[in-house]
Amino acid sequence: MSSTPAVSPDSRPAVSLVVSTLGDGANLARLFDSLDVQTFRDFDVVIVDQNTHDNVAAEIDRVPRTFPIRRIATPGVRGLSIGRNTGWRAAVGGILLFPDDNCWYPKDFLEHGVAIMAARGAAILTGRSADEEGRTILGAFDDDAVLISRASVWTTSIEWVTLVRRDVLEAIGGYDATIGVGAATPWQACEGQDFLLRAMSAGFACWYDPALYGHDVAWAERTTPAQMRRKARAYGRGMGYVLALHHFDLRQQARWVVRSALGGLVYAARFDREKVGYYWQTMLGRIEGIRGYAKSKPH
C-alpha cells in the first residue's frame, strides 16, 4: 500500500500534496522533478492510485526522491474528487495541495504559496495555470489579487493551484464526490468552485493571487478536436450544475450560457470550425447542467 513509510506524528510536514491518479503514470516524473527542487522543503506527497496495474508504483520507485512519498492503492475506484478525499484524510500536513498528475510547479511555488497564505491570513489560497513563460492557459483568470467572492469564483481558481488549510476540509467534508472528472454523474467539472463556494458559506477567507501559478500544457497540445468538444460538453455540464446548485440567479446563469454562445459567434466570423464546435458544446453543456440540477431536486 505504501512505497515509503508514513510520516510519523513527531515529524508532521507543514504541507501535504495529494495526487489522485488514474492512468499509466507517465507524467508523474515531471511533477516529481519539480518537487525535488522546491525551495520549501517541509512537505510530503500522498499518491492515491486508482489503477488496477502497478505502473504508478513502479514510477514512484524508479528514481529516489528528496521528499517522502506514500502510495495508497484503491484499484477499481473512480473519481478525482473521491481520490482527493481519500488522500487528504490519510495525509497529515496542516496545509493541503492537490496536484493533477500531469502538472508541475516553479521551484519557489510552495515557498511563495505558504508565505502568501500567512501574510493574508487566508484559509484557502488559489492561483492560476500558466505555461513555463508564465502566460495564462486553460481558462480566463483575473489579473489582480483579490478576496474571492461568489461573483469572482469562476475566474480565480483552478484545483491544482489551490492551497487549503486542513480545518477547512474537516469543516466542509472535502470535495463533493458527485462532481468532477470521473464522477459517476454527468457533472464532470467545477468541483473546485463548488468547494470554494461551500468554504465561503462556512465563513472561510479565500484569497486569489495571480502571482502564484503552476504549469501545464494547453489542451490543444494534448487532445484532438473531437476530444476537446467532448471535454467542453462534459465540463459545461459541471459548471451549469454548480451554478444552479449554489442558487446563482437566472441572470447569472444566462450570462455564462450567452458568453459561450458569443464565443462561438466570434470564431464563426473567423471561419474557425474547431473553436465554434468547442464553444457550442460548452453552451449546450451549461444548459444541460442547469436543467439537470432542476430535474434532480426533490418535488
Any sub-3.5 Å donor-acceptor pair from [X]'s side-chain atoms to [Y]'s backbone N or O?
X      : Y      : value
Gln188 : Thr185 : yes
Thr282 : Tyr278 : yes
Arg150 : His246 : yes
His53  : Gly23  : yes

Members sharing Val77's hydrophobic cluster, built from side-chain contacts under 4.5 Å between Ile, Leu, Val, Met, Phe, Trp and Tyr, are Ile82

Grouping ILVMFWY residues whenever side-chain heavy atoms fall under 4.5 Å, the cluster of Val258 otherwise contains Leu262, Leu265

So do the side chains of [X] and [Y] get within less than 4.5 Å of each other, counting heavy atoms only?
X      : Y      : value
Thr162 : Phe98  : no
Ile179 : Leu245 : yes
Arg237 : Arg286 : no
Trp207 : Thr126 : no
Ile124 : Leu163 : no
Asp100 : Leu80  : yes
Phe141 : Thr156 : no
Trp160 : Ser129 : yes

Using side chain to side chain contact (heavy atoms under 4.5 Å, CB included), reason through Trp154 and Trp256 one step at a time and then give a plain yes or no.
CA-CA 10 Å; Trp154 308 103; Trp256 287 101; 3.6 Å; yes

Might you work through the side chain to side chain contact (heavy atoms under 4.5 Å, CB included) test for Met239 and Gln193, ending with a clear yes or no? CA-CA 9 Å; Met239 182 178 189; Gln193 285 79 14; over 6 Å; no

So, taking the atom named [atom1] in [X] and the one named [atom2] in [Y], what distance separates them when rounded to the nearest 0.5 Å?
X      : Y      : atom1 : atom2 : result
Leu243 : Arg255 : CG    : CZ    : 10.0 Å
Cys190 : Glu159 : SG    : CD    : 7.5 Å
Ile158 : Asp216 : CD1   : CG    : 7.5 Å

Exercise. So Ile69 and Phe32, side chain to side chain contact (heavy atoms under 4.5 Å, CB included) or not? Walk me through it.
Worked result: CA-CA 10 Å; Ile69 306 176; Phe32 291 168; 4.2 Å; yes

* Indicate whether the side chain of Asp131 and that of His215 have a donor and an acceptor atom separated by less than 3.5 Å. =>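 Checked: Asp131/His215 side chains show no N/O donor-acceptor pair below 3.5 Å.
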
Original post:
Without hydrogens or angle criteria, can the side chains of Ser16 and Asp44 be said to hold a donor-acceptor pair below 3.5 Å?
Top reply: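 Result is yes, a qualifying pair exists.
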
With sequence neighbours left out, write down each residue that passes salt bridge (charged side-chain N to carboxylate O under 4.0 Å, His left out) with [X], or none if nothing qualifies.
X      : answer
Asp42  : none
Asp272 : none
Arg62  : Glu59
Arg128 : none

Which atom of Pro99 lies closest to which atom of Val18, heavy atoms considered: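 Closest approach of Pro99 to Val18: CD-O, 3.3 Å.
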
>> Checking Arg84 against Asp176 for the salt bridge (Lys or Arg N to Asp or Glu O under 4.0 Å) test, could you report, in this order, the C-alpha distance in whole Å, the side-chain angles of both residues, the deciding distance, and whether it holds?
In response: CA-CA 10 Å; Arg84 287 170 176 160; Asp176 185 333; over 6 Å; no

Any residue meeting side chain to side chain contact (heavy atoms under 4.5 Å, CB included) with [X], in chain and number order, not counting sequence neighbours:
X      : value
Arg251 : Asp249
Ala90  : Arg70, Ile72
Leu284 : Arg233, Trp280, Gln281

ask   = Mind checking whether Met117 and Leu96 sit in one hydrophobic cluster, side chains of I, L, V, M, F, W, Y counted as touching below 4.5 Å?
value = yes

Going only through I, L, V, M, F, W and Y residues with side-chain contacts under 4.5 Å, is there a path from Ile116 to Tyr213?
no

Here the side-chain hydrogen bond (donor to acceptor under 3.5 Å, both in side chains) pairs for residues 17-40, sequence neighbours left out, are Thr21-Asp101, Asp33-Arg65, Asp36-Arg65, Asp36-Thr66, Thr39-Glu111

| message | With ring-ring contact (aromatic ring centres under 6.0 Å, His included) as the rule and sequence neighbours excluded, what pairs involving residues 180-200 come up? | response |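 Those involving residues 180-200 are Tyr175-Phe195, Trp187-Tyr241.
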
* Audit row: Trp104, Glu132, side chain to side chain donor-acceptor pair (under 3.5 Å) steps and yes/no -> CA-CA 10 Å; Trp104 67 104; Glu132 289 196 305; 3.0 Å; yes

Subject >> Glu274 bridged to Arg229 by N-O distance under 4.0 Å >> reply: no

Criterion side chain to side chain contact (heavy atoms under 4.5 Å, CB included) on Leu147 and Tyr208, from CA distance to verdict:
CA-CA 6 Å; Leu147 189 66; Tyr208 163 76; over 6 Å; no

I'd like a table of donor-acceptor pairs (distance under 3.5 Å, sequence neighbours excluded) in which one partner is a side-chain atom from residues 166-173, with atom names and distances.
{"from": "Arg166", "atom 1": "NE", "to": "Gly93", "atom 2": "O", "distance (Å)": "3.1"}
{"from": "Arg166", "atom 1": "NH1", "to": "Trp88", "atom 2": "O", "distance (Å)": "3.4"}
{"from": "Arg166", "atom 1": "NH2", "to": "Trp88", "atom 2": "O", "distance (Å)": "3.4"}
{"from": "Arg166", "atom 1": "NH2", "to": "Ala91", "atom 2": "O", "distance (Å)": "2.6"}
{"from": "Arg166", "atom 1": "NH2", "to": "Gly93", "atom 2": "O", "distance (Å)": "3.4"}
{"from": "Asp167", "atom 1": "OD1", "to": "Arg165", "atom 2": "NE", "distance (Å)": "2.9"}
{"from": "Asp167", "atom 1": "OD2", "to": "Arg165", "atom 2": "NH2", "distance (Å)": "3.0"}

When you look at CZ of Arg291, are more than 12 heavy atoms from neighbouring residues, nucleotides or ligands closer to it than 6.0 Å?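 No - once you tally the heavy atoms of other residues, nucleotides and ligands closer than 6.0 Å, there are 12 at most.
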
